S.K.: 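For reference, the structure I am asking about is given below.
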Number of protein chains: 2
Amino acid sequence: MSEETCLCIDLRGAAQNLTRRYDAALAPAGISVTQFSQLHTIQMLAQPTLQRVAEATGLDRSTLGRNVRVLEAAGMVSMSAGEDARTRVIKVTRKGRRAFQRAVPLWSGMQNEMKAQLGGERYTLLKELLSDLKYIPESVGGTS
Amino acid sequence: MSEETCLCIDLRGAAQNLTRRYDAALAPAGISVTQFSQLHTIQMLAQPTLQRVAEATGLDRSTLGRNVRVLEAAGMVSMSAGEDARTRVIKVTRKGRRAFQRAVPLWSGMQNEMKAQLGGERYTLLKELLSDLKYIPESVGGTS
DNA sequence: ATAAAAAACGTGTATATACCCCTATTTACA
DNA sequence: TGTAAATAGGGGTATATACACGTTTTTTAT
């Protein structure tokens, strides 16, 4: 009798739940898991434009812009004009690097906690399944 | 060399992706997947209070209140004072029921699309893993 | 060289979400 | 019974997110 639950809603619920847990774990470093992830991306890309970061994260450009504004207000990143006058280049500040570094072990702790909770094999499986969900097939049913 | 990705961020990405797909699928019925899910919950609970729905969905009460306000503005639900003067009771309107009914086959289509994309066994596995993620263990490492 | 197309960004608007604090009402207890 | 505690909601504030539209700058094609 129990009805089938919505995969999308279940995914969102799990994401919200984990967000709370990760945010709580990172709190001592003064950043959220969103900020942690974005600082990481910006550092990796080395002075990228908003567009680059948006592509790398899969987020909408305007979303990214607003998220980065939060990081900027917190003094974690700074923006400056790029060579291409249309662009603005993002740099992680010293404060941002320090916060990120402090967050790394806390984040690792949470990742390990999740591996422990799910079990290593199931953790790997979940990562794989989530990776599959990133790809939107043109037509799942097939056209022919 | 490839660095480990954040489980939380991966989950959120998948959830955002699926939300887009489900929303697109439900668009002909005039509701989003959020609204679909909430209409379903409200119908199941039969004239519940905000609190009841919040508990059932695992969302914050204030979040629920704001979501329901959107449904109310769309004419999908109506609110009226409950016996307990502190509460407000939510009812799905005829319009809401019609929209929900029209959405059901579209939603089922998406669910099947996801099963097809992942494969039935992996779909089931994913549901199981997501269910596990709903439970926050007091202490994963164990205290004793 | 110029006009059209494309790219990068900002803003407006809207939903989804959470946390905190305040108010009104109900319940429990002493 | 009268007061303290618990419960249900509302509103403020803030982040995360997307889409549509407009502006500026660069590229491309003629």
Side-chain angles (χ1 to χ4, degrees), chain A residues 6 8-9 11-24 26-27 30-38 41 47-74 76 79-90, chain B residues 6 8-9 11-24 26-27 30-38 41 47-74 76 79-90:
Chain A
C6 178
C8 179
I9 297 297
L11 256 177
R12 277 166 37 169
Q16 286 150 21
N17 217 317
L18 274 209
T19 296
R20 268 195 292 272
R21 288 173 69 179
Y22 275 74
D23 278 354
L26 298 188
I31 55 177
S32 66
V33 68
T34 304
Q35 295 177 325
F36 177 76
S37 164
Q38 286 171 1
T41 304
Q47 311 201 3
T49 64
L50 277 180
Q51 184 65 30
R52 289 274 290 124
V53 180
E55 279 162 15
T57 57
L59 293 174
D60 186 85
R61 185 180 40 71
S62 73
T63 299
L64 229 299
R66 283 171 166 100
N67 287 353
V68 168
R69 224 177 283 170
V70 173
L71 278 170
E72 198 181 14
M76 302 283 180
M79 311 269 298
S80 52
E83 290 186 17
D84 183 331
R86 287 171 303 183
T87 68
R88 294 212 300 151
V89 169
I90 314 169
Chain B
C6 177
C8 179
I9 296 297
L11 255 176
R12 276 165 40 168
Q16 287 151 20
N17 217 318
L18 272 209
T19 296
R20 268 196 291 272
R21 288 173 69 178
Y22 274 75
D23 279 353
L26 297 188
I31 55 177
S32 66
V33 67
T34 305
Q35 296 177 324
F36 177 77
S37 164
Q38 285 171 1
T41 304
Q47 312 201 5
T49 63
L50 278 180
Q51 185 65 30
R52 290 273 291 123
V53 179
E55 279 162 13
T57 56
L59 293 174
D60 186 86
R61 185 180 40 70
S62 72
T63 298
L64 228 299
R66 283 168 166 100
N67 287 354
V68 167
R69 224 177 283 170
V70 173
L71 279 171
E72 198 180 14
M76 302 282 180
M79 313 267 299
S80 51
E83 290 185 17
D84 183 330
R86 288 170 302 183
T87 68
R88 294 213 300 151
V89 170
I90 314 169

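Since this is a predicted model, take the numbers as computed values, not measurements. Here is how names work: the chains are called A, B, and so on, in the same order as the sequence lines, proteins then strands, and each is numbered from 1.
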S.K.: Scan B:T63 against the nucleic acid and name what it touches under 4.0 Å (heavy atoms): base, sugar-phosphate only, or nothing.
M.R.: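 Result for B:T63 = base.
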S.K.: Which whole-number value in Å describes the distance from B:L50 CG to C:dT23 P?
M.R.: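 Computing the B:L50:CG to C:dT23:P distance gives 20 Å.
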S.K.: At what distance, to the nearest 0.5 angstrom, does CD1 of A:I90 lie from OG1 of A:T49?
M.R.: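 Between atom CD1 of A:I90 and atom OG1 of A:T49 there are 7.0 Å.
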S.K.: Taking atom C1' of C:dT17 as reference, at what distance in whole Å does atom CG of A:N67 sit?
M.R.: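 Rounded to the whole Å, the gap is 14 Å.
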S.K.: If you look at every strand shown and take non-hydrogen atoms under 4.0 Å, does A:R88 touch a base, only sugar-phosphate, or nothing?
M.R.: sugar-phosphate
S.K.: Whole Å only: how far is the CG atom of A:L59 from the P atom of C:dA16?
M.R.: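 My rounded result for the distance is 18 Å.
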S.K.: So, taking the atom named OG1 in A:T41 and the one named CD in A:Q38, what distance separates them when rounded to the nearest 0.5 Å?
M.R.: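 That separation rounds to 7.0 Å.
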S.K.: Using whole Å, what does the distance between atom C1' of nucleotide D:dA8 and atom CZ of B:R66 come to?
M.R.: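 In whole Å, D:dA8 C1' and B:R66 CZ are 15 Å from each other.
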S.K.: May I ask you to verify whether the side chain of A:R86 and the base of D:dT24 hold a donor-acceptor pair under 3.5 Å?
M.R.: no
S.K.: Just the rounded figure in Å: distance from P of C:dC21 to CZ of B:R61.
M.R.: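 These atoms are roughly 14 Å apart.
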S.K.: So, is A:R69 near the phosphate of D:dA16, with a side-chain N or O under 4.0 Å from OP1 or OP2?
M.R.: no
S.K.: Give the rounded distance in Å between these two atoms: CD of B:E83 and P of C:dT27.
M.R.: 11 Å
S.K.: In whole Å, I'd like the distance from the CG atom of B:L64 to the P atom of C:dA16.
M.R.: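 Interatomic distance, CG of B:L64 to P of C:dA16: 11 Å.
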S.K.: So what does B:R52 touch, heavy atoms closer than 4.0 Å: a base, only the sugar-phosphate, or nothing?
M.R.: nothing
S.K.: Students often get this wrong, so: under 4.0 angstrom with heavy atoms, is A:T19 touching a base, only sugar-phosphate, or nothing?
M.R.: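 Nothing, no nucleic acid heavy atom in range.
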S.K.: Nearest to the A:T87 side chain among C:dC19, C:dT26, C:dA8, which nucleotide is it?
M.R.: C:dA8
S.K.: Checking only heavy atoms, does the side chain of A:S62 share a donor-acceptor pair with the base of D:dC19 at less than 3.5 Å?
M.R.: yes
S.K.: Is the side chain of B:T63 donor-acceptor paired with the backbone N or O of B:L59 at a distance under 3.5 Å, no angle test?
M.R.: no
S.K.: Closest nucleotide of DNA chain C for A:Q16 versus for A:V89: which of these residues is on the 5' side?
M.R.: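 Residue closer to the 5' terminus by nearest nucleotide: A:V89.
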S.K.: OP1 or OP2 of D:dA16 versus the side-chain N and O atoms of A:T34: is any pair under 4.0 Å?
M.R.: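 So the side chain of A:T34 is within the cut-off, an N or O lying under 4.0 Å from OP1 or OP2 of D:dA16.
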S.K.: Can A:R12 and B:T34 be counted as having a side-chain donor-acceptor contact under 3.5 angstrom?
M.R.: yes
S.K.: Counting the atoms with a prime plus P, OP1 and OP2 as sugar-phosphate, which does B:R12 contact under 4.0 Å by heavy atoms, base, sugar-phosphate, or nothing?
M.R.: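 It contacts sugar-phosphate atoms only.
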S.K.: Starting at the 5' end of DNA chain D, which residue's closest nucleotide do you reach first, A:Q38 or B:G65?
M.R.: B:G65
S.K.: Between atom CZ in A:F36 and atom P in D:dA16, what is the gap in whole Å?
M.R.: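 For the pair A:F36 CZ and D:dA16 P, the rounded distance is 15 Å.
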S.K.: For the atom pair OG (B:S32) and CG (B:L71), what is the distance rounded to the nearest 0.5 Å?
M.R.: 7.5 Å
